Protein chains: 2
Amino acid sequence: MSVSVKHPLDVMIRKLGGSGRFSQAEMFALKSLSVVVRTLEAHHDIVPEGGPATHCCIVLSGWTCCYQLLDEGRRQLLSFHLPGDLPDLQGLHLSEIDFGMATLTPAVVAYVPHTDLRRLIESFPGISTALWHEAQVSAAIHRAWMSSLGRRAARERLAHLFCELYLRLKAVGLANGNTLPMPLRQPDLADALGLTSVHVNRTLKDLREDGLISLKARRLEILDWARLQAIGQFSPRYLHG
Amino acid sequence: MSVSVKHPLDVMIRKLGGSGRFSQAEMFALKSLSVVVRTLEAHHDIVPEGGPATHCCIVLSGWTCCYQLLDEGRRQLLSFHLPGDLPDLQGLHLSEIDFGMATLTPAVVAYVPHTDLRRLIESFPGISTALWHEAQVSAAIHRAWMSSLGRRAARERLAHLFCELYLRLKAVGLANGNTLPMPLRQPDLADALGLTSVHVNRTLKDLREDGLISLKARRLEILDWARLQAIGQFSPRYLHG
DNA sequence: CGCTGGCTTGATAAAGTTCAAACGGGGTGG
DNA sequence: CCACCCCGTTTGAACTTTATCAAGCCAGCG
């Protein structure tokens with residue numbers, strides 16, 4: 001009987017498809033990755049916008065986000081990242097990254113050099129495919145966000161985002177019944193959804209008064225999943241391809 | 001002296017980095033891809049939203065776009081694609097695509113089976129890297145669009161898009177001085193930028209009256225590149241990584 | 001207790017939408 | 001060759017959604 005030793009990258013491996021997806025050699029290669037692990041406070045930059053791309057970062061615990069800054073203090077959040085995610089996998093084959101990354105909660109992240117990851121991709125087809133898949137799911141999420149930002153009204157955007165986060169959290173075991181942690185503050189939601197925090201506040205109030213959600217003490221409860229999904233025109237298809 | 005035979009995929013190969021990037025074996029493999037070539041009229045669906053993903057499509061000539069549909073006739077364009085582009089490379093490792101593709105002009109496209117492309121990726125590191133890079137640039141464009149949709153005003157969005165299209169067209173030799181073909185109709189621009197066509201119309205008028213662009217007979221002339229770039233907060237960095 | 005950071009609310013303004021109608025120009029059929 | 005038609009563009013006026021500015025509130029924490 002095999003002893004299952006806990007490995008820091010276990011969350012990521014599970015996220016990439018679980019040990020069932022990889023050969024023994026691939027599992028070994030993944031677990032042999034030499035990573036630097038760092039613990040960060042909430043609301044801290046992980047990597048600022050525009051630096052050279054040399055490492056990929058893996059979220060081991062906590063929430064992080066990617067963002068871009070414009071002038072006059074404008075900010076657009078590009079994605080949220082949960083444990084197991086590789087937020088800047090999208091920069092693996094770029095010489096320079098065009099976005100910043102920050103923590104939203106206290107978080108633990110691991111850094112892997114691009115060179116190591118590229119070597120893995122060249123040597124192990126299973127790992128290559130898993131990383132391709134991961135990157136393409138994240139592109140699919142980008143597309144869904146574009147549709148929200150471009151064509152959905154404020155309450156639809158919120159509904160859509162809450163549906164997405166609920167399913168993604170459930171997938172990594174971080175949702176509890178119809179309840180999920182909601183560390184995002186209203187200005188964070190605003191910057192993700194292309195709204196102002198004032199308007200997010202009023203729209204949240206609407207959703208609450210309509211009996212769709214309850215939001216207090218940093219926890220979001222989904223009271224009417226079917227209706228929330230309908231309002232957000234949410235179809236879970238895109239989360240897995 | 002080697003005879004250079006014209007190959008249908010030449011545009012794509014050039015786009016992926018040119019023959020200098022690939023080994024002889026890789027060039028041979030690329031040119032041996034068996035593709036189905038099809039000529040399409042303007043404003044025709046290439047692939048409708050939500051089908052199973054089995055082939056990748058390569059634009060050989062003309063303009064195409066990716067889109068998502070919402071209810072009440074709402075539509076969001078997700079990207080524009082020019083000759084040499086692989087619009088649905090982002091679906092190569094997904095079982096099902098979450099977006100549709102359509103022509104914007106008369107176009108010629110080639111179809112390659114996913115299986116063939118995946119085999120190339122497994123066998124040829126140079127091709128794998130080139131395709132990764134291509135996919136990641138397209139994700140970078142997605143990010144730039146998210147910032148536009150979420151945080152830029154109408155005239156800024158138009159300015160940003162025009163800057164992007166100008167550089168991309170120039171890169172494939174389709175811009176002429178400061179002039180570029182502009183087959184997009186105002187409703188297309190509107191669906192790309194998350195606006196109404198009426199508002200696009202008024203905003204274009206503003207840009208024209210400010211001496212920034214001239215737009216007639218399906219050609220866009222950029223009269224003041226520096227100012228257009230400034231208005232759109234456009235930084236070309238993201239187009240190459 | 002009293003601060004502080006985020007939440008809530010109100011009043012007003014701006015940006016963008018909607019509806020509706022007229023315009024224009026290139027292609028087609030009489 | 002002209003008249004017509006059609007599709008996209010342009011313009012106007014009224015309306016909605018969202019932003020802005022500003023002040024008060026509340027809860028958790030030192």
Side-chain angles (χ1 to χ4, degrees), chain A residues 41-44 63 70-77 103-106 148-161 181-209 213-220 231, chain B residues 41-44 63 70-77 103-106 148-161 181-210 213-220 231-232:
Chain A
E41 293 166 30
H43 308 294
H44 247 244
W63 290 39
L70 279 74
D71 66 2
E72 297 168 29
R74 290 182 286 181
R75 184 174 75 137
Q76 177 65 42
L77 299 194
T103 58
L104 295 163
T105 67
S148 272
L149 291 165
R151 284 295 181 232
R152 280 191 254 255
R155 70 164 9 215
E156 301 174 319
R157 293 186 208 184
L158 268 167
H160 191 277
L161 179 62
M182 180 44 61
L184 304 174
R185 293 153 318 160
Q186 294 180 2
D188 296 327
L189 287 170
D191 285 341
L193 300 174
L195 303 166
T196 59
S197 62
V198 172
H199 197 55
V200 164
N201 182 288
R202 298 197 223 270
T203 310
L204 283 173
K205 185 178 162 190
D206 285 356
L207 293 178
R208 256 185 259 124
E209 285 174 353
I213 61 165
S214 128
L215 178 53
K216 49 191 171 214
R218 310 266 89 141
R219 285 201 78 80
L220 171 69
I231 288 170
Chain B
E41 293 165 31
H43 308 293
H44 247 243
W63 290 38
L70 279 74
D71 66 2
E72 296 168 32
R74 289 182 287 182
R75 184 176 76 137
Q76 177 65 42
L77 299 194
T103 58
L104 294 162
T105 66
S148 272
L149 291 166
R151 285 295 180 231
R152 277 191 254 256
R155 70 164 11 216
E156 302 174 319
R157 293 186 208 184
L158 268 167
H160 191 277
L161 179 61
M182 181 44 62
L184 305 173
R185 293 154 316 163
Q186 293 179 4
D188 296 327
L189 287 170
D191 284 341
L193 300 173
L195 303 166
T196 58
S197 62
V198 171
H199 197 55
V200 165
N201 182 287
R202 298 195 223 272
T203 310
L204 283 173
K205 185 178 162 192
D206 285 356
L207 293 178
R208 254 185 261 127
E209 285 174 354
D210 288 356
I213 60 164
S214 128
L215 177 53
K216 49 191 173 216
R218 308 269 90 139
R219 286 199 76 82
L220 172 69
I231 288 171

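A note on names: the letters A, B, ... follow the listed sequences, proteins ahead of strands, and every chain is numbered from 1. Being a predicted model, the structure only gives us computed values, none of them experimental. Because only heavy atoms are used, hydrogens play no part in the values below, and waters and symmetry mates are left out as well, while side chains stay in.
- Straight-line distance from the NZ atom of B:Lys216 to the C1' atom of C:dG24: 16 Å, rounded to whole Å.
- Across A:Leu195, A:Val198, A:Thr203, A:Leu204, a single residue satisfies side chain to side chain contact (heavy atoms under 4.5 Å, CB included) together with A:Gln186, and that is A:Leu204.
- At least one donor-acceptor pair under 3.5 Å links the side chain of B:Gln76 to the backbone N or O of B:Asp191.
- Taking atom NZ of B:Lys205 as the reference point, atom C1' of C:dG16 lies 16 Å away to the nearest angstrom.
- The distance from atom CG of B:Asn201 to atom C1' of D:dG8 is 10 Å, rounded to the nearest whole Å.
- Rounding to the nearest 0.5 Å places OG1 of B:Thr196 at 9.5 Å from CG of B:Asn201.
- Within the structure, every side-chain polar atom (N or O) of A:Arg157 is placed at least 4.0 Å from both OP1 and OP2 of D:dT18.
- Contact annotation: A:Arg202 side-chain N/O to C:dA11 OP1/OP2 distance is not under 4.0 Å.
- A donor-acceptor pair under 3.5 Å is formed between the side chain of A:Thr105 and the backbone N or O of A:Trp63.
- Between the CZ atom of B:Arg151 and the C1' atom of D:dT18 there is a distance of 11 Å, rounded to whole Å.
- Note on A:Arg74 versus B:Glu156: salt bridge recorded, some NZ/NE/NH1/NH2 to OD/OE distance being below 4.0 Å.
- The side chain of A:Arg208 contributes an N or O atom lying less than 4.0 Å from OP1 or OP2 of C:dT8.
- Near DNA chain D, meaning a heavy atom under 4.0 Å away, the residues from residues 188-200 of chain A are A:Gly194, A:Leu195, A:Thr196, A:Val198, A:His199.
- Note: CD (A:Glu72) to P (D:dC21) measures 11 Å, nearest angstrom.
- Classification of A:Asp71 and B:Arg152 as a salt-bridged pair fails, no side-chain N sitting under 4.0 Å from a carboxylate O.
- When heavy atoms are screened at a 4.0 angstrom cut-off, B:Arg155 is found touching no nucleic acid atom at all.
- In this model, the phosphate group of D:dC7 is not approached by any side-chain N or O of B:Gln186 to a distance below 4.0 Å at OP1 or OP2.
- Of the possible polar contacts, none joining the B:Thr103 side chain to the B:Pro106 backbone as a donor-acceptor pair under 3.5 Å is found.
- For the pair B:Leu204 CG and C:dG16 P, the computed distance is 13 Å after rounding to whole Å.
- Atom CD of B:Glu156 is separated from atom C1' of C:dA15 by 12 Å (rounded to the nearest Å).
- Distance, B:Arg185 CZ to D:dT10 P: 14 Å, rounded to whole Å.
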